[in-house]
S.K.: 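Questions regarding the structure given below will be posed in turn.
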Amino acid sequence: MPFHPPISLVEQIAVRLGLLGDTRESSFDDSQRREDGTLVNYPPLDKWDDWVEYDSRNWPRRRVPRHYSLVPTICFNCEAACGLLAYIDKDRNTIRKFEGNPVHPGSRGRNCAKGPATINQVNDPERILYPLKRKGPRGSGDWERVSWDAVLDDFGQRIRKAIQEGRNNEVMYHVGRPGYERAMDRVLQAWGVDGHNSHTNICSAGARMGYQIWQGYDRPSPDHANARFILLLSSHLEAGHYFNPHAQRIIEGKMSGAKIAVMDPRLSNTAASGDYWLPTQPGSEAAVLLSMAKIILDEGLYDAPFMRRWINWSEYLNAKRPADERTFENFIAALKSEYQRFTPAFAEAESGVGAETIVAVAREIGRAGSRFASHNWRGASSGNLNGWEIARALHFLSVLTGSVGSVGGTSPSAWNKYSPRFWQEPTPVKSWNEVTFPKEYPFGCYEMSFLLPHFVKEARAKLDVYFTRVYNPVWTNPDGFSWIEMLRDEKSVGLHAALTPTWSETAIFADYVLPMGLAPERHDLQSQETHSGVWLSFRQPVMREFLRRQGKEVEFTYQANPGEVWEEDEFWIELSWRIDPDGSLGIRRHFESPYRHGEKLKVEEYYRWIFENAVPGLPQKAAAEGLAPLEYMRKYGAFEVSRDNYKRHERRLSAAELEGSETSSETEVITKGGKAIGVLIDGEAMEGFATPSRRQEFYSSTLVDWGWSEYAIPGYAASHVAPQNLDSSRGEMVLVPTFRLPTLIHTRSGNAKWLNEISHRNPLWINPVDARRLGLATGDLARVSTEIGYFVSDVWITESIRPGVVACSHHLGRWRLNREGQGSRWSTSLVDLKHEGKGVWRLRQKDGIRPFESNDPDSSRIWWSEGGVHQNLTFPVHPDPISGQHCWHQAVRVERAHAEDRYGDVVADTERSHQIFKEWLAKTRPAPGPGGLRRPLWFARPLRPAAEAFVISEPADK
Ligand code: SF4
């Protein structure tokens, strides 16, 4: 039956005048409608091979059909890994657009603005299309095009030599945006290199430590959709971290009646739509959370059965109250006593949040019981010295309410994340890399990546081959001028390759710039803990897959991509064969086909093996459709492995698991082969959690044994930006530099024109009270001074920030050194970079964002001129002595800009920065710990070396 959508009177007139086409002449065929006439949300699966849409670009000609092949892949603009569908024009062989993949279990067809903007990144006229090698000195901007062959030969020979000479740990792979589930661990293990480095310690190490010490899993996985009360610490996570998958489930929870509280000194979008906003003084969050714990305890709102079974309370009483009888009732009495001082009045005095609000939220949490969901990522836990205690205090509320692993509660991340295995695993590396895991940070979660320039300065580190992969430390990290000093020093960094899809402030200082694929230009596996369920998604180079569907196979992905943009998978396989061409180093065999003996692994074989052998249920599901597992993943791009993964800690151990095990009569922990595998709970053998006690560890013997006994139980310790640590004579305030604009993502959004049109300013947020005191009005320029320098920004006066605190988004302030290219002109300001000697650096904007000529007509239509201010350059490193997290918040002095100041000015002193590094290093209590260990054996570690490498006396140190 034909469907005629209604149109307004104005539209009818416009149609008569010929200004509009008549939409009543149905533009849609039946496949796009439900029976009631409404449109379906997504193209039906059976039409993905040949989907027809009318071409909007043919205006005024109407109803010009275009045929599309829809190929699934994964968004690469944040870690959420939402599904995308590439619409490939079958006649023009080009990607027309990206929309959501409806069968992706995490994103369910939805994306944030950054997902569809992938098309901007693909078509960016300024993207890097060919491998480049520098010609002049590093940073000179002088490049020549080289072949992939030449690149592989250069790196292959250099890495081979390093390995042959036992300098394995001078090879480092430093990743910004991860992915590739376990793939890089495998590559580096095969090379025998403990050289994995990441961005984690400038991001989530604080939160990870708080969760790790409780339960042995370092990330939370909230079940927002089924929650009755949701508490979010800082908005960052729901405006950036797992943004779209979490945001849609929070809204589902809200629509089902859940209430939301947000603790953040800034009124974020999330806070604005919550039921409670708790604008805490930065660093006081643990005081508020522990006060809530006290209320829950005092008012009997806790879940006694869960706590009795799953907290290591007996261990606590043994250690801290040896005179008490070991009963649960005594534990509860002890808990009340431990947290006596955390009255609502005390929490109010510390945080500035009204006591009545704290009590109200605590009661809501208590009433929600096991349906209390919470999350804490960056923000508070990454901003403050002792920030990890904030995550620990937050999880305490989940433990008190029995909402750990429950429906509507918060589960450990690992329960909801897929991890692949391979046909053959290289043996763990036997050495330990002192640069990434130095003795000073035995609990570091994880690599102490942002300290690298300081270790180099002190000759503790030297790199022969350094890969930065989608990583821009010069711009993203604190203390970027120290990174420039390190990268320019060819004696400290022998050969630097920037594997990147886009120009960056770091790529400028590389020896090679190697263009790597964007979301639709490479293979990858992704799985994230977006809800209670495990899913796996498959990133694939969509043009390569499209060509395959047309019967045109290519050997390498760069043959199907724009220019010679490649992908890491094939790059590492080829490089590994060049490192070990004859197989004598034992490396090559790890990169041989599981299907063709002794022959080089092909990228499709890598995924084929995993899909056929290591994804439970996938072969059966595929077979039901008459497909091979790889064909299934190519077609749908995602697979749901399991759902409703609640209460895994209560899983009963099987007879086979228990065979040959032992149970401690003291702790009831079940061990097998020296490894804890479960715990007896009320006489039943259960899996438990991943701690030594297999319980939730309220009392941490690990922290005690490693010399941090004052942190034995969740507590509240002052932040470096607590009021008592601010210099009131300088009028110091707290700068919160960690918040994210939901439309931007670190470096890669710089070359997405739509995103930059939406967001291109990062003014300093100031409360009117402070603005009056400082004599500032919206739009004025202010100088913001840190410990090592200052930046100059315009200001925005708003009541959306608490008095005494200023905030600036960290996603803007991109810059480039050259007028033409080498930095996306949609987002970068042209700057002068000067080293004035004795560690003092100065960056001044010469020009803002300007229209430019290119093959994209939109580049000449750029209307915005501001690109933001780069604040991170003025931050010294602040490594938390326990978690290793860089504590982002800054004690700053804000004043009117000086006469000589200009918008975007940045000045910083790297010598002063190095002194501050030493001051923070002095706060640590270095390994060895018990047994001569560098790190507790039960702590997670990327690229985990062999157990003997954990022992500090091992001579295998390199
Ligand atoms: S939340 Fe947005 S940026 Fe992140 S993966 Fe999803 S669509 Fe992409």
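One-based numbering along the sequence shown. Order of appearance sets the numbers: ligands from 1, and atoms from 1 within every ligand.
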S.K.: Just checking: Cys82, one of its N/O/S atoms, less than 2.8 Å away from atom 4 (Fe) of ligand 1, yes or no?
M.R.: no

S.K.: Give the atoms of ligand 1, by number and element, whose distance to some non-hydrogen atom of Asn111 is under 4.0 Å.
M.R.: 7 (S)

S.K.: Could a heavy atom of Ala81 be found less than 4.0 Å from some atom of ligand 1?
M.R.: yes

S.K.: Using side chain to side chain contact (heavy atoms under 4.5 Å, CB included), reason through Thr738 and His889 one step at a time and then give a plain yes or no.
M.R.: CA-CA 8 Å; Thr738 46; His889 293 350; 4.0 Å; yes

S.K.: For ligand 1, does Ala113 get within less than 4.0 Å through its side chain, its backbone, both, or neither, judged by non-hydrogen atoms?
M.R.: neither

S.K.: What atoms of ligand 1 come closer than 4.0 angstrom to any heavy atom of Lys114?
M.R.: 3 (S)

S.K.: So Pro245 and Cys82, do their side chains get closer than 4.5 Å, heavy atoms only?
M.R.: yes

S.K.: Output the list of atoms in ligand 1 that are nearer than 4.0 Å to some heavy atom of Asn244, sorted by atom number.
M.R.: 1 (S)

S.K.: Which label fits His810 and His746: parallel for a plane angle under 30°, tilted from 30 to 60°, or perpendicular past 60°?
M.R.: tilted

S.K.: Under 30°, 30 to 60°, or over 60°: which ring-plane class applies to Phe639 and Tyr632, parallel, tilted or perpendicular?
M.R.: perpendicular

S.K.: Give the ring-plane orientation class for His870 versus Trp475, where under 30° counts as parallel, over 60° as perpendicular and anything between as tilted.
M.R.: tilted

S.K.: More than 12 heavy atoms of other residues, nucleotides or ligands under 6.0 Å from NZ of Lys254: yes or no?
M.R.: yes

S.K.: Relative to the heavy atoms of Cys75, which atoms of ligand 1 are at a distance of less than 4.0 Å?
M.R.: 3 (S), 5 (S), 7 (S), 8 (Fe)

